[in-house]
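This report refers to the structure that appears directly beneath it.
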Protein chains: 2
Amino acid sequence: MPPKGTMATIYDVARAAGVSPATVSRVFNGASVSDEKVAAVRHAAGQLKFTPNRTARTLRRQSSEVIALVIPDIENPYFTEMARGVEDVASEAGYSVVLCNSDAQLEKEATYLRIAVAEHMSGVILAAASDHSEIAELTAAGRPVVAVDRSIGDDVDGVVMANRDAGRAATVNLIEAGYRRIAHIAGPEHIETAADRADGWRRALADHGLAYDSSLLRFSTFRVDGGRAVMEELLALPEPPDAVVAGNNLIGVGAIQVLTEHGLTPPSVGVAVIGSLPFTTLSPSVVTVVRLPARHMGVTAARMLLERIGGDDQPARTVVLRGEMQAASVAR
Amino acid sequence: MPPKGTMATIYDVARAAGVSPATVSRVFNGASVSDEKVAAVRHAAGQLKFTPNRTARTLRRQSSEVIALVIPDIENPYFTEMARGVEDVASEAGYSVVLCNSDAQLEKEATYLRIAVAEHMSGVILAAASDHSEIAELTAAGRPVVAVDRSIGDDVDGVVMANRDAGRAATVNLIEAGYRRIAHIAGPEHIETAADRADGWRRALADHGLAYDSSLLRFSTFRVDGGRAVMEELLALPEPPDAVVAGNNLIGVGAIQVLTEHGLTPPSVGVAVIGSLPFTTLSPSVVTVVRLPARHMGVTAARMLLERIGGDDQPARTVVLRGEMQAASVAR
DNA sequence: TTGAAAGCGCTAACAG
DNA sequence: CTGTTAGCGCTTTCAA
């Protein structure tokens, strides 16, 4: 028996089963061992409540069956849905997922990435906090990385959305519903996702011969308070917009909150959101939504990462997924 | 230099700096080392991009600065908000948090708990999947556990809500607003949190001399679809309720969705929710909400856990936090 | 098929 | 203050 407050080791099991530690190890790793010894070992392990020490195994093997998923906002349902996708395929393959919240801060992100290599994690899926994310240490250590939601260089695998198309589709929908002065509340300008969606908005206006008014494009944060602040600004304009494209789900929530508070519930002001409105209690017919395949992105990223972990060595790929329009059915 | 695709070790650094491995270790662990050697070691470490191998450290120390937070639904903002609280306290204290999603399944939960001990995590904060959660292995291994949201036995630290009071307050508010036939959509009956809130509802009715109609109390899941399904059932009743108390935030969302779809937006049917409505776009004045201090629960739990990790040995405590009423201001 | 033995990278006595 | 040394628990040659 091992001392109290301590876990049993393969040595304890080996002694109890009358075999060598190596044999115990083999039993737990599927190597060939005679039936009788397998039985003896399993019995002893059961008695002693033996669980293999993953730390020791990891140290010895120089790798562990855990992958890290680093996201910028754990409170955003878009990312938790993505996490579900990652988790499902990972656990299917015997991997655990640890979720790390970078809080959109480069520094926190860097800390987690460092931990990922120092803990011998097999790989990381990264929704980057910015375009300056530093993955050099990871790749230097031979750890595969898959970028998700935002790409981080041509030489890194990625799973992204067709953001430009999503921005354009949302905007066009509003135009076709008869709105003419359409604002866009975008995420942070330096984030690719935000910039691309804004570009889609710009192009949609141009395609339809609508004038571009720079006061109608505003970069903000990808959070509710960002959406709120900008919506207030827009309403305070001498000539406020008659519709708005929200750059992500949370911005959409913030914008709708402010509109509601001003008695301008959609569709009296048109609203299109890039991303699904989380837990919405609105009638689906009043707001146009471009649903993003968050779960699917997670699934895809996890699959790619597992392939790389398995030794796949082809050149970096970027998978582009598309959003799905769900148009409002009532106009103003 | 270490071989390519491999990380530098303290031996590499020691050699480069002309000191012993122990000295390198000391530099990275704050033990006293002469200034010149510190400088030499830091320099060498920088050159070699040395990062201490956490796996080895953990194996040697038999403990790691990571704590696990096991929650039943990573997509519920209540739990992610709690996670934020945990994370803030933990990272302040130099701990990392890994988030594990048990999906409300005992089996998945058990797997994560097993991983927690096998990975030498310092402790776990557990929002239990059920009242049968098995933490014996953890405590046997001397790992502290703090229950959060739901208690799991008198001998385990816990942070819970005054659920009975919350249920009662929500119900009383509806009664005082003039509603008389008040239903309750509760979470799973076997979950303490749900049972207690239901109890509060029951008592509020009794206190105000309202008849108890068993068809108005329905246990469900703590999810949106649960709230939806039960709300539909309630509306199909020969004599439907004129108000409803939702057992948690997601149930509230589901119930309001269904009411909206039936053209019964609150306050035409009264709604009180135990828990904050996540990302709501409703006017705050139409729905009564008992705000739960999710973040604060996380903070408290993390502090308690860190104390235990630090060796605190007092008898198990349970901290009870209170919700905060935010009454609807418009009645029917 | 099995056992002995050598580490994985680090820390913590123990000397000096 | 610093170096030597012995493991933490496991996997994996290498022989038998």
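In this structure, A/Glu119 pairs ionically with B/Arg54, as a charged nitrogen and a carboxylate oxygen lie closer than 4.0 Å. With respect to the salt-bridge test (charged N to carboxylate O, under 4.0 angstrom), the residues A/Arg84 and B/Glu75 qualify. Taking the charged nitrogens against the carboxylate oxygens, A/Glu307 and A/Arg317 do have a contact shorter than 4.0 Å, which makes a salt bridge. By the 4.0 Å N-to-carboxylate-O rule, B/Arg308 lies close enough to B/Asp157 to be salt-bridged with it.
Nucleic acid contact class of A/Ser34 (heavy atoms, under 4.0 Å, all strands): sugar-phosphate only. Among the protein residues, A/Phe28 comes within range of no part of the nucleic acid, since none of its heavy atoms lies under 4.0 Å from any strand. Backbone-only engagement by B/Thr23 is indicated by non-hydrogen atom pairs under 4.0 Å involving sugar-phosphate atoms exclusively.
Side-chain contact check for A/Met82 versus A/Arg295: every heavy-atom pair is 4.5 Å or farther apart.
In this structure, a donor-acceptor pair under 3.5 Å is absent between the side chains of A/Asn101 and A/Tyr112. No hydrogens or angles considered: nothing links the side chains of B/Tyr78 and B/Asp73 as a donor-acceptor pair under 3.5 Å. A donor atom on one side chain and an acceptor atom on the other are not found under 3.5 Å apart for A/Thr55 and A/Thr58. Side chains of A/Ser96 and A/Glu65: a donor-acceptor N/O pair is absent below 3.5 angstrom, by distance only.
Comparing B/Arg26 and A/Asp35 against DNA chain C, the residue whose closest nucleotide sits nearer the 5' end is A/Asp35.
Atom pair A/His120:NE2 and C/dC8:C1' shows a separation of 8 Å (rounding to whole Å applied). The CD1-P distance, from B/Ile10 to C/dG7, rounds to 16 Å in whole Å. Distance CD (A/Glu36) to C1' (C/dT1): 11 Å, rounded to an integer number of Å.
For residues 51-66 of chain A, proximity to DNA chain C is found at A/Leu59, A/Arg60, A/Gln62, defined as any non-hydrogen atom under 4.0 angstrom from a strand atom.
Side-chain atoms of B/Tyr11 stay outside donor-acceptor range of the base of C/dC8, with no qualifying N/O pair under 3.5 Å.
For the side chain to side chain contact (heavy atoms under 4.5 Å, CB included) test with B/Phe28, the passing option among B/Thr23, B/Thr51, B/Val41 is B/Val41; the others fail.
Between its opening and closing five pairs, the helix from C/dT1-D/dA16 to C/dG16-D/dC1 changes axis direction by 30°, a value rounded to 10 degrees.
Using a 4.0 Å cutoff to heavy atoms of chain B, the contacted part of DNA chain D runs 5' to 3' from D/dC1 to D/dG9.
Remark: the backbone N or O of B/His132 is paired with a side-chain donor or acceptor of B/Ser130 at under 3.5 angstrom.
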